[in-house]
2 protein chains.
Amino acid sequence: MTAVEKRNGELIAARTRCEHCPLRQREHFRDFDPDELDFVSQFKTGELTADAGASILVEGAHSAHLFTVLAGWAFRYKILEDGRRQILNFVMPGDLIGLQGSLMGEMQHSVEALTAVTLCVFERGRLRTLFEKYPDLAYDLTWIAAREERILDEHLLSIGRRSALERAGYLLAFLNRRARACGLVEHGKILPISQQHLADTLGLSLVHTNKTLRKLADRKLLHWRERGCEVLDEDGLCELAGWVDPVTRGRPFI
Amino acid sequence: MTAVEKRNGELIAARTRCEHCPLRQREHFRDFDPDELDFVSQFKTGELTADAGASILVEGAHSAHLFTVLAGWAFRYKILEDGRRQILNFVMPGDLIGLQGSLMGEMQHSVEALTAVTLCVFERGRLRTLFEKYPDLAYDLTWIAAREERILDEHLLSIGRRSALERAGYLLAFLNRRARACGLVEHGKILPISQQHLADTLGLSLVHTNKTLRKLADRKLLHWRERGCEVLDEDGLCELAGWVDPVTRGRPFI
DNA sequence: CGAAATCTTGAACATGATCAAGCGCGGTGG
DNA sequence: CCACCGCGCTTGATCATGTTCAAGATTTCG
């Protein structure tokens with residue numbers, strides 16, 4: 001059994017060629033020039049698919065790979081010895097995972113698939129070439145890391161200083177906005193997330209999360225159905241949380 | 001009055017030459033090769049000093065600069081409209097600030113000096129050259145961003161899932177360890193931090209923070225004096241919080 | 001159809017927030 | 001030199017937000 005199979009996933013030859021990458025067609029993302037596209041095509045060594053609930057990366061592992069999500073949802077998390085879990089952020093198409101592990105040798109958090117997920121697999125060993133020959137891509141990598149940092153800053157503010165209601169409002173607005181940008185929640189689709197996931201992200205208990213979500217539902221800001229959450233009024237949620245999102249355009253990815 | 005003077009700071013010609021940078025001499029940091037050192041010398045366009053309590057960077061500003069702390073302590077924070085403040089992380093010698101602003105145009109958090117601070121000032125405009133000509137430094141920048149991300153992950157876990165006592169234990173162990181690595185708390189020096197700062201980092205009220213610190217002091221883990229905190233038993237604090245720190249060596253900086 | 005998740009709700013409890021007041025020390029000005 | 005002032009630390013009392021426990025409803029899936 002290979003490491004990949006242990007993950008309940010399947011490593012396969014690349015099916016989606018970078019030239020036809022569906023992400024590049026979304027205006028949300030920046031475009032490559034032909035030379036970069038060529039390199040990225042070579043950088044990508046395969047695809048990995050994982051079922052919902054499968055582990056993609058595990059804390060403590062010395063992962064040799066770097067991934068970009070091509071389709072599906074996942075989440076990054078850490079757990080304490082006694083099982084308390086904190087979800088750090090969600091991962092959607094275009095997001096990079098495993099950078100920490102690639103640069104610093106060891107993963108300090110785990111990643112789990114929330115839905116069925118397809119990942120582009122990159123060879124860590126070629127990172128050096130990327131930095132040496134493709135400064136624009138290197139710049140993008142740094143940009144991506146800085147973006148994640150910004151998101152974590154926001155979450156920290158939220159968990160540290162916002163009330164449960166504000167926190168939940170902020171998180172759902174945040175998730176919905178990101179999902180929209182990736183084309184994941186067009187025409188009334190739901191966020192494929194359980195209340196337990198939200199609780200573990202918000203730093204609240206499951207019971208209190210449920211009661212808090214009920215209040216938001218009573219205010220017609222969201223609606224819970226089919227094991228997921230439909231955001232009805234993103235602006236209302238933002239207002240509740242006192243959150244204004246800095247708009248991002250031409251965002252890089254690899 | 002220039003922007004710099006508004007900060008209660010003073011922009012001066014570089015006094016400390018990179019060739020004699022005191023940070024490079026600490027084994028904690030990685031060394032440059034002569035070529036890199038040469039570039040960094042040119043990249044550095046001056047020094048900024050700021051008094052304790054002065055603002056170094058302000059949320060919303062379009063900062064043109066990137067800084068590395070040469071001496072002193074500062075902290076990054078965000079505030080909500082009604083004044084609730086969350087400290088995101090502390091900044092010590094060797095740490096870089098303003099990367100988010102440099103890459104993405106606008107600062108999403110503020111930075112304030114905790115003690116008198118000396119900063120190396122870098123010209124944002126030359127970042128492009130850095131990425132084009134010095135891939136190792138570019139790699140370091142990415143590494144630095146990934147490191148900050150790792151730290152924020154830890155803090156998020158702490159605030160989201162640890163009790164007040166565990167949280168305080170973790171934070172003080174974390175700060176003390178970092179300060180030691182930078183040579184800031186040799187021979188019984190104290191962390192130059194008020195209980196209000198700790199409260200705003202922990203996401204707790206001032207009163208509760210005080211009561212929590214008292215418990216730690218009763219257990220002889222720390223000692224409060226001269227407006228600062230002396231950590232008496234770092235290992236004890238780590239154990240209390242259930243925290244094991246991954247050791248870092250040859251850490252990059254710019 | 002039964003089993004396993006997931007969501008929901010009420011009640012008792014605990015952790016941490018808020019309010020209020022006092023203390024101690026260093027700095028300032030008379 | 002001393003009195004006063006202000007900031008930061010301390011402490012008790014009361015209050016509120018969120019946790020834990022317990023149980024039932026609902027949905028999904030084998």
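Note on naming: letters A, B, ... go to the chains in the order of the sequence lines (proteins, then strands), and numbering restarts at 1 for each one. Below, all heavy atoms of this structure are taken into account, side chains as well, without hydrogens, waters or symmetry copies.
The number of heavy atoms from other shown groups lying within 6.0 Å of CD (E239(B)) does not exceed 12.
Residues E230(B) and W224(B) bring no donor and acceptor atom of their side chains to less than 3.5 Å of each other. Side-chain atoms of Q86(B) and D153(A) form no donor-acceptor pair, as typed in the model, at a separation below 3.5 Å. For the 3.5 Å distance criterion, the side chains of Q108(A) and Q100(A) fail to qualify, holding no donor opposite an acceptor.
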Using atom names, set out every protein N or O paired with an N or O of nucleotides 26-30 of chain D below 3.5 Å, distance rounded to 0.1 Å.
| unit_1 | atom_1 | unit_2 | atom_2 | d |
| --- | --- | --- | --- | --- |
| dT28(D) | O4' | R227(A) | NH2 | 3.4 |

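Residues of residues 205-219 of chain A having a heavy atom closer than 4.0 Å to DNA chain C, listed by number: V207(A), N210(A), K211(A), R214(A).
With respect to the salt-bridge test (charged N to carboxylate O, under 4.0 angstrom), the residues E234(B) and R180(B) qualify.
If you find the closest nucleotide of DNA chain D to I193(B) and to G203(A), the one lying nearer the 5' end belongs to I193(B).
We find the CG-CD1 distance between L99(B) and I97(B) to be 11.0 Å, quoted to the nearest 0.5 Å. Note that CD1 of I79(A) is 11.5 Å distant from CD1 of I87(A), once rounded to the nearest 0.5 Å. Between the CG atom of L237(B) and the CZ atom of F174(B) there is a distance of 14.0 Å, given to the nearest 0.5 Å.
The phosphate of dC7(D) has neither OP1 nor OP2 within less than 4.0 Å of any side-chain N or O from Q195(B).
Think of the region where chain B sits on DNA chain C: with heavy atoms and a 4.0 Å cut, that region ends 5' and 3' at dG16(C) to dC19(C).
Counting only residues at least two apart or in different chains, salt bridge (charged side-chain N to carboxylate O under 4.0 Å, His left out) contacts with residues 202-216 of chain A comprise R214(A)-D218(A).
Among the atoms of the strands shown, none is found under 4.0 Å from any heavy atom of G228(A).
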Subject >> Full working for ring pair (Phe, Tyr, Trp, His ring centres under 6.0 Å) between H109(A) and Y77(A) >> reply: CA-CA 6 Å; H109(A) 62 261; Y77(A) 68 95; 8.6 Å; no

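A straight line from CD of Q196(A) to C1' of dT19(D) spans 13 Å, rounded to a whole angstrom. Look at CG on D82(A): it is 11 Å from P on dT20(D), rounded to the nearest Å. Nucleotide dA16(D) holds its P atom 19 Å from the CG atom of L204(A), rounded to whole Å. At whole-Å resolution of the value, CH2 in W224(B) and P in dT11(D) are 14 Å apart.
Residues satisfying the salt bridge (charged side-chain N to carboxylate O under 4.0 Å, His left out) test with E59(A), not counting sequence neighbours, are K78(A).
Between Y170(B) and H155(B), the two ring planes are perpendicular [angle over 60°; tilted spans 30° to 60°].
Using five terminal pairs a side, the axes of the helix from dC1(C)-dG30(D) to dG30(C)-dC1(D) at its two ends make an angle of 30°, given in steps of 10 degrees.
Taking all atoms of both residues into account, the shortest heavy-atom contact from T115(B) to G72(B) is OG1-CA, 3.4 Å.
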